[in-house]
Amino acid sequence: MMMLIMMIIVYISAGLGVFALILRLLSSRIRKYAVGGTCRSTVRLDGKVALITGANTGIGKETAVDLASRGARVILACRDVQKGEEAAIEIRTRVGGAQVEVRELDLADTCSIRAFAQRFLREVDHLHILINNAGVMMCPYMKTADGFEMHIGVNHLGHFLLTYLLIGLLKRSAPSRIVVVSSFGHNFGWIRFHDLHSQGSYNSGLAYCQSKLANVLFVRELARRLHGSNVTVNSVHPGTVRSELVRHSTMMSLLFALFSMFLKTPKEGAQTSIYCSVAEELQSISGKHFSDCAPAFVAPQGRSEETARKLWDASCELLGIEWD
């Protein structure tokens, strides 16, 4: 028996060694594939104002670096102001003359969102780019300050309310753009109207996918309502990015560590958000979904106009707003 176990260990070790060697030999090709599309627009954003949620880390921070390098005034909306200020210092170091500001915003608290918007509207005259980037992923069951399940509360309802409060300024600043960071995970999501907050049963992965599908449906319905306003809205899948988002899942963290060469860096993952924010050819494109700086597939459940309108109405009711 001991001999059999030793042989199994030897075979497994040999197999892992061969697999590691193959990965090493193919690493350059794998990295080239993993990088995906790159935003090639050189457009300047002098005089423009951009607001990015969750911009103190990951793809949000890299998006801020790029827009600042184009001359935009970039406002980082962050829950942790100290981390936001640290990110702003880094951006100013990387981009000479960068116009970067930090504002406190907790998307898990509608009072914080309303306070943020009130101050923003008092102090900022224009808004040309709104990037709804912040999010949570596969966290333990938690509720927001308003009693919403955390995924649907932060990833969808928080950004829904923020966009509602700033939409008037976006219209007055037109042409302007809204970019919503969704995920490939929307393909595995379903809107559970009977249990939107997962009180009956909870699976962190499914809750995340539901919220990402909600992002896609929000974009679809908002684009319809904004038709003719010169304000566009599109969603993006950034790709599989090395980031802090998977910190709540030990399994995902382990897989990300093992297959890091297959993952995008935050800078690579930010490219599609940047593309949808600046690309000249997207000036009149709205209600679409992008990945790797190109149009991307949307799951059938993400194309349902009926579901999009039903989710819109449910979101307004939960937030106590009327958005015609």
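Numbers for residues simply follow the sequence, beginning at 1. Everything numeric here is computed off the predicted structure, so don't read it as measured data.
- Put simply, the side chain of Lys48 never gets that close to the backbone of Leu67: no donor and acceptor are under 3.5 Å apart.
- When atom types are taken as modelled, the side chain of Asn203 and the backbone of Gly205 share a donor-acceptor pair closer than 3.5 angstrom.
- The pair Arg92-Glu90 fails the salt-bridge criterion, with no side-chain N (NZ, NE, NH1 or NH2) lying under 4.0 Å from an Asp/Glu carboxylate O.
- For the residue pair Gln301 / Thr307, no side-chain donor-acceptor distance below 3.5 Å is found, with atom types taken as modelled.
- Considering Val181, Ile52, Val236, Thr265 as possible partners of Ile59, the one that fulfils the side chain to side chain contact (heavy atoms under 4.5 Å, CB included) test is Val181.
- Surrounding CD of Glu280 are more than 12 heavy atoms belonging to other residues, nucleotides or ligands, all under 6.0 Å away.
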Q. Given His237 and Ser182, is the side chain to side chain donor-acceptor pair (under 3.5 Å) satisfied, shown in steps?
A. CA-CA 5 Å; His237 164 53; Ser182 180; over 6 Å; no

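- Using modelled atom types and a 3.5 Å distance limit, the side chains of Asp106 and Ser112 yield no donor-acceptor pair.
- Considering all non-hydrogen atoms of both residues, Ala87 and Lys61 come closest at CB-CD, 3.9 Å.
- Checked by atom type, the side-chain pair Ser235/His289 shows a donor-acceptor distance below 3.5 Å.
- In this structure, the side chain of Asp80 engages the main chain of Gln82 through a donor-acceptor pair within 3.5 Å.
- Without hydrogens or angle criteria, Arg303 side chain to Val298 main chain gives a donor-acceptor distance under 3.5 Å.
- Scanning all heavy atoms of the two residues, the minimum distance from Ala88 to Val100 falls at CB-CG1, 3.9 Å.
- Between His128 and His126, the ring planes are parallel. Angles under 30° get that label, and only those over 60° would be called perpendicular.
- Looking at Gln271, its side chain does come within 3.5 Å of a backbone N or O of Cys39 through a donor-acceptor pair.
- Side chains of His197 and Gln199: no donor on one and acceptor on the other come within 3.5 Å.
- Ion pairing between Glu86 and Lys83 fails under the 4.0 Å rule for side-chain N and carboxylate O.
- Taking both residues in full, the closest heavy atoms of Ala174 and Asn230 are given as CB-O, 3.6 Å, listed atom of the first, atom of the second, then distance.
- Atom CG of Asn155 is separated from atom CD of Gln210 by 10.5 Å, given to the nearest 0.5 angstrom.
- Residues Val102 and Val81 have side chains in contact (heavy-atom distance under 4.5 Å, counting atoms from C-beta outward).
- Grouped with Tyr141 in one hydrophobic cluster are Tyr202, the linkage being side-chain heavy-atom contacts under 4.5 Å among Ile, Leu, Val, Met, Phe, Trp and Tyr residues.
- In Glu281, the CD atom is crowded: over 12 heavy atoms of neighbouring residues, nucleotides or ligands sit closer than 6.0 Å.
- Arg119 and Glu123 are joined by a salt bridge, as a carboxylate oxygen and a charged side-chain nitrogen come within less than 4.0 angstrom of each other.
- Of all heavy-atom pairs spanning Leu130 and Leu170, the tightest one is CD2-CD1, 4.1 Å.
- Note on Asp66 versus Arg70: salt bridge recorded, some NZ/NE/NH1/NH2 to OD/OE distance being below 4.0 Å.
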Q | Stepwise side-chain contact (heavy atoms from CB on, under 4.5 Å) check, Cys293 with Thr38 | A | CA-CA 6 Å; Cys293 301; Thr38 301; 5.6 Å; no

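- Between the side chains of Ser286 and Asn234, no donor-acceptor pair is found at a separation under 3.5 Å.
- At a cut-off of 3.5 Å, with distance as the only test, a side-chain donor of His159 or Thr53 sits close to an acceptor on the other residue.
- Side chain of His151 to main chain of Met138: a donor-acceptor pair is present (N/O by atom type, distance under 3.5 Å, no hydrogens or angles).
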Q | Full working for side-chain contact (heavy atoms from CB on, under 4.5 Å) between Leu165 and Phe160 | A | CA-CA 9 Å; Leu165 294 170; Phe160 189 102; over 6 Å; no

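- Lys264 places a side-chain N or O within 3.5 Å of a backbone atom of Pro238 that can act as its donor or acceptor partner.
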(Q) Please evaluate residues Glu104 and Cys78 with respect to the criterion side-chain contact (heavy atoms from CB on, under 4.5 Å), reporting the C-alpha separation (whole Å), side-chain torsions for both, the decisive distance (0.1 Å), and the verdict. (A) CA-CA 5 Å; Glu104 183 177 4; Cys78 308; over 6 Å; no

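- The backbone N or O of Trp323 sits less than 3.5 Å from a side-chain atom of Arg225, completing a donor-acceptor pair.
- His186 places no side-chain N or O within 3.5 Å of a backbone atom of Gly302 that could act as its donor or acceptor partner.
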Q) When you look at Lys143 and Glu149, which way does the side-chain contact (heavy atoms from CB on, under 4.5 Å) test go after all the steps? A) CA-CA 5 Å; Lys143 290 187 176 182; Glu149 186 278 317; 5.6 Å; no

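- With hydrophobic clusters built from ILVMFWY side chains whose heavy atoms lie under 4.5 angstrom apart, Leu127 shares a cluster with Leu107.
- Residue pairs that meet the salt bridge (charged side-chain N to carboxylate O under 4.0 Å, His left out) test with at least one member in residues 188-201, sequence neighbours left out, are Arg192-Asp195.
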